[in-house]
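None of the values given here were measured: they were computed from a predicted structure. So you know, we letter chains A, B, ... as the sequences are listed, proteins then strands, and number each from 1.
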2 protein chains.
Amino acid sequence: MSKNPQIPALVTTQPCLSPVDIPKLQSVCSACSLRELCLPAGLDTKELAQVDRMVNRRQPVKRGDYLYRAGATLRSLFAIRTGFMKSSVLHEDGREQVAGFHMMGDLLGLDAISTGQHMCDTLALEDSEVCEIPFAVLEELSREIPSLQQHFHRIMSREIVRDYGVMLLLGSMRAEERLAAFLLNLSQRFAARGYSSLEFNLRMTREEIGSFLGLKLETISRVLSHFQNEGLVEVRNKRIRIANIDALRTLVSQQT
Amino acid sequence: MSKNPQIPALVTTQPCLSPVDIPKLQSVCSACSLRELCLPAGLDTKELAQVDRMVNRRQPVKRGDYLYRAGATLRSLFAIRTGFMKSSVLHEDGREQVAGFHMMGDLLGLDAISTGQHMCDTLALEDSEVCEIPFAVLEELSREIPSLQQHFHRIMSREIVRDYGVMLLLGSMRAEERLAAFLLNLSQRFAARGYSSLEFNLRMTREEIGSFLGLKLETISRVLSHFQNEGLVEVRNKRIRIANIDALRTLVSQQT
DNA sequence: CGAACCCTTGAGTCGGTTCAAAGCAGGTGG
DNA sequence: CCACCTGCTTTGAACCGACTCAAGGGTTCG
């Protein structure tokens, strides 16, 4: 993985492609399997067509490339079509905090609406494809289509709720609980996308998990080993199988 | 302070008052000193009048009362007119995590848009007044007034950015850094509202600060004493004076 | 004026970090 | 196709920052 931090953001440094400039691919929103997870959830056929016209589809982002960097001007939001990404905020002194991991259907860039500049780095952890949604057009369209407006608000609010959950995790859970909650969250998100909820690949390193959970990579490794010894999971490198999901759930809601 | 957790939410259990039912008070948005911090920032006179018609002003919330409880149906957002509040998320096992403290001009209830139900408890830490903004009307009006729409989006995004900052704090700062960052944040917010940035009252208890910062109340007390011994602050009960703001700033951006 | 709540401080403990070393996997170039 | 090399992971031992438990004093508000 080329993790050179000098690499400029792939997409935001280019001007936003105009929808008419690029050939339409078959994967329009109306035919997209992620539709009900993504921005156009709940729209009717005519509204979907309007959204289709707005979206620049299937922009590739290579593993190790940034979708955008902190400080870049907001032009578009991005929906992940395929792949896996992480967002992280940088402290002035260089410390990095992973703020979230993203997968298909997730809408990225919401942090940039506040100031018009992205406030975090978002990096592809595997080769990915994103749909680009010019933000100005989205605002315009959501004035015309109430159900689009409503769903966009819900998505922003959902991100706030997710953040509260992360605060709870970081502020009041112990290492084992944090990791259990993390695995259950991944499990549930894979399930919602039609993948196995009990066996999947961790796309991120132990260090990235640790950064997200406020722990060191050695702690992640130790707790995973411990879970394995207890028969809660089977770990083999990045591959993980949840062997006893109920025990994990008990761990999370356990009294300290 | 009556902290009886059985008390139902003050406002959300009542039906939303219709704007025509209540007499208009003088404190319309157009005359409100918080206008530029609050929802109607950047609107012109005519747009302000439209917003004025939507808002139910000056609903009192007594110290110790809940503005809303987790699980309550979303009817309205609330803007704090005067006072001070905290929001907290509850873990199933009873652990509480304070997710934020709110003061005049802050817009509350954004977490509830996601599911239509509030996801946290919000409680007044001192006698307060809020302006009630029926959410359905806000969505409608923000379709008509682009600059209102834009500003509402910015406010939601700003909350997401704030949350990322809290994650950074909880995930990668040590106790002293967390408390320094907390004090600087309060200082900056008071300054933005025209109050002293160097001397103010902590409206919350040490325990609530601790919950927010992922620390125990004893740690808060110890670190405050330590800051005082170092000449960074002067503490006398809830009253705090920042004696060396540069030293606090250095602390926050310090290499570990 | 009393009672409940809040705050401070000390001593001992512990969960997670730090530092260190070794093993492993996957990708690259010869 | 194999060997190397780099980055990732595991595990151990020692350490330390924050927690726990406990006691005492202070403040606030009904």
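Among the nucleotides D:dT11, D:dA18, C:dT8, the one closest to the side chain of B:Arg206 is C:dT8. When the nucleotides D:dT9, D:dA18, C:dC7 are ranked by their closest atom to the side chain of A:Thr205, D:dT9 comes out on top. Counting only heavy atoms from C-beta on, B:Lys216 has its side chain closest to D:dC19 among C:dT8, D:dC29, D:dC19. Distances were taken from every side-chain heavy atom of B:Arg222 (C-beta onward) to each of C:dC7, C:dA11, C:dG15; the shortest belongs to C:dA11. Closest to the B:Arg174 side chain, of the nucleotides C:dT9, C:dT17, D:dG17, is D:dG17.
Under the 4.5 Å side-chain criterion, counting only non-hydrogen atoms from C-beta, A:Cys120 is in contact with A:Val89. You'll find the side chain of B:Met119 stays beyond 4.5 Å of the side chain of B:Ser114, heavy atoms only. In this structure, B:Lys86 and B:Met204 have side chains that are not in contact, with every pair of non-hydrogen atoms separated by 4.5 Å or more.
Of the residues listed (A:Lys62, A:Arg81, A:Arg58), the one engaging A:Glu129 in a salt bridge (Lys or Arg N to Asp or Glu O under 4.0 Å) is A:Arg58, and it is the only one.
Between the CD atom of B:Glu207 and the P atom of D:dT20 there is a distance of 11 Å, given to the nearest Å. Whole-Å rounding puts the A:Arg178 CZ to C:dG15 C1' distance at 11 Å. The distance between atom CD1 of B:Ile240 and atom C1' of C:dC7, rounded to the nearest whole Å, is 14 Å. As rounded to whole Å, 17 Å separates atom P of D:dG17 from atom CD1 of B:Ile220. Here D:dC8 presents its P atom at 8 Å from CD of A:Glu208, a figure rounded to the nearest Å. A:Leu179 places its CG atom 14 Å from the C1' atom of C:dG16, with the value rounded to the nearest Å. Summarising the geometry, the separation between CG on B:Asn201 and P on D:dT28 is reported as 10 Å, rounded to the nearest angstrom. Atoms CD1 (B:Ile209) and C1' (C:dC6) sit 12 Å apart, rounded to a whole Å.
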Return all side-chain donor-acceptor pairs below 3.5 angstrom for residues 213-227 of chain A, not counting sequence neighbours, or 'none' if the list is empty.
from: A:Ser225; atom 1: OG; to: A:Ser221; atom 2: O; distance (Å): 3.0
from: A:His226; atom 1: ND1; to: A:Glu176; atom 2: OE2; distance (Å): 2.8

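Between A:Phe190 and A:Phe84, the ring-plane angle classifies as parallel under the 30° and 60° cut-offs. Ring geometry, A:Phe212 versus A:Phe101: the interplanar angle exceeds 60°, so the pair is classed perpendicular (tilted spans 30 to 60°).
Contact between the side-chain N/O atoms of A:Ser221 and the OP1/OP2 oxygens of D:dC8 is not found at any separation under 4.0 Å. OP1 or OP2 of D:dT9 sits under 4.0 Å from a side-chain N or O of A:Lys238.
A donor N or O paired with an acceptor N or O is found under 3.5 Å between the base of D:dC21 and the side-chain atoms of B:Glu218.
Comparing B:Leu224 and A:Leu217 by the nucleotide of DNA chain C that holds the closest heavy atom to each, the one mapping nearer the 5' end is B:Leu224.
Between A:Glu126 and A:Arg203, at least one side-chain N (NZ, or NE/NH1/NH2) sits under 4.0 Å from a carboxylate O, which counts as a salt bridge.
The residue B:Gly214 sits close only to the backbone: its heavy atoms come under 4.0 Å of sugar-phosphate atoms, none of a base. Heavy atoms of B:Thr219 sit under 4.0 angstrom from primed sugar atoms or phosphate atoms, though from no base atom.
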Write down the protein N/O and nucleotide N/O pairs, taken from nucleotides 22-25 of chain C, whose separation is under 3.5 Å; answer none if there are no such pairs.
none

